[in-house]
Amino acid sequence: MIQRDTKKDFPIFGKWKSKGKPLIYLDSAATTQKPQEVIAALDEYYENYNANVHRGAYELSQIATDMYEEARAKVASFINSARPESIVFTRNATESLNLVAYAWGLNNLHEGDEVILSDMEHHSNLVPWHIISRHTGAVLKFIRMSSDYRLDLQSLKDNLGPKTKMVSVVHVSNVLGTINPVKEICRMAHEAGALAMVDGAQSAPHMPVDVRDIGCDFYALSGHKMCGPTGIGALYAKHELLEKMDPFLGGGEMINEVFPTTSNYARPPYKFEAGTPNIAGAVGLKAAISYLEKIGMQNVEDHEIELGDYAEKRLADVDGIRIFRPETTGTGVISFTVEGVHPHDISTILDAEGIAIRAGHHCAQPLMRKLQVQSTARASFYLYNDKSDVEALAAALEKGIAIFRPKKKAAPEQTVRDAR
Ligand code: PMP
């Protein structure tokens with residue numbers, strides 16, 4: 001466990017009161033809170049160094065450019081990319097995944113080619129492929145999830161074949177917390193001659209990530225889920241692939257020469273960064289990574305797994321609860337339903353106690369159908385949560401449910417008797 005009180009690093013915990021109560025934030029899978037160092041880095045950039053990048057010959061622009069490029073190098077070292085030029089800045093993981101679907105998929109997928117996804121994908125790794133398959137005639141296949149909420153690699157094996165061109169899977173499920181064996185999945189994809197992409201939106205923030213060890217061709221992440229600002233994300237890609245791919249968006253920054261009817265492009269990663277980028281966002285992301293590195297990603301992972309395990313045990317006593325979490329490969333994400341109480345009502349019940357959780361389909365409607373639910377409640381823990389937050393969650397849930405469905409146990413007997 002992280003022993004230090006990291007809540008102190010995040011100003012919002014000292015400021016925001018929800019219904020007069022201190023904030024218990026259990027929605028970090030949606031977005032994380034921001035430490036003072038990140039907020040200060042954004043202020044510092046705008047107060048002292050704001051200028052557009054890669055354009056100006058003047059000193060201020062050169063400093064802004066250096067700061068932006070240092071951020072790229074920081075992201076590269078954080079996920080162990082061999083070179084900073086393999087990192088393309090995007091708005092978020094969604095844009096990174098779309099970039100690959102469009103810029104790689106449109107030129108490389110043809111009628112009957114196959115793309116393999118999985119049963120537990122976020123819409124961000126589904127909908128872009130729906131669009132691209134409509135354009136190209138490519139067919140989508142799925143790695144099935146077994147009853148223990150893990151991916152069944154046999155079904156990947158069964159699906160892989162000469163037509164497979166891409167395998168794209170989520171590293172950590174935002175609903176189940178399952179850590180998928182992406183290294184093995186990438187190896188299997190490569191053996192079949194396909195490329196492999198990993199949606200790292202829920203792994204980069206929560207565990208050490210080494211893209212070279214995983215062996216993926218593409219890896220997507222979002223800054224706002226790892227203590228960074230919103231509006232900045234990154235795509236890691238093997239450089240030789242970026243070199244061959246067409247741009248995703250066209251405009252300033254990404255060109256080499258432009259003529260009235262044609263143009264050629266800058267080298268990667270700039271080829272994929274059309275227009276003025278989110279410079280302050282990149283600077284903020286660098287500060288976020290420095291903060292995470294100070295804590296240590298292994299510590300973050302251990303802390304979250306311990307909290308997840310603790311929460312699973314603690315919540316198991318709640319009357320009517322069903323928890324959707326794998327036995328051995330879960331993280332700090334706990335999705336659950338409570339019999340007779342709609343997930344949105346659970347969220348409202350908890351909000352009354354100052355506890356923020358998420359309820360809904362979590363942008364994973366196909367997974368919800370597999371689980372045979374419309375929605376779940378989801379508590380997601382991060383480095384600033386501790387066991388007292390879990391206790392507060394369990395107590396508020398028990399109290400709220402008791403008020404919401406009074407004398408539940410007596411009710412069915414009553415109904416049965418009345419029916420007779
Ligand atoms: N993939 C996963 C697994 C996610 O959890 C999310 C965010 N919930 C995304 C992709 C998309 O992230 P963003 O909205 O930051 O683009």
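Just so you know, ligand 1 is whichever comes first in the structure, and atom 1 is the first atom listed for that ligand. Counting from 1, the numbers follow the sequence of the chain as shown. Just so it is clear, the model here is predicted, and its values are computed rather than measured.
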Query raised in the report: Taking the six-membered ring for Trp, are H123 and H361 parallel (under 30°), tilted (30 to 60°) or perpendicular (over 60°)?
Result: tilted
Report task. Dump the intermediate steps for side-chain hydrogen bond (donor to acceptor under 3.5 Å, both in side chains) on Q62 and T65, then the final yes or no. Result -> CA-CA 5 Å; Q62 280 162 6; T65 303; over 6 Å; no
Query raised in the report: Near ligand 1, which residues have a heavy atom under 4.0 Å away from one of its atoms?
Result: N92, A93, T94, H122, S124, V170, N174, D199, A201, Q202, S222, H224, K225
Requested in this report: State whether a side-chain donor-acceptor pair under 3.5 Å links H342 with Q374.
Outcome: no
Requested in this report: Using the six-membered ring wherever Trp is involved, compare the ring planes of Y291 and F10 and label them parallel, tilted or perpendicular (cut-offs 30° and 60°).
Outcome: perpendicular
Requested in this report: Considering only NZ, NE, NH1 and NH2 on the basic side and carboxylate oxygens on the acidic side, decide whether D309 and R325 come within less than 4.0 Å.
Outcome: yes
Requested in this report: Give a yes or no on whether a salt bridge exists between K294 and E37, defined as a side-chain N under 4.0 angstrom from a carboxylate O.
Outcome: yes
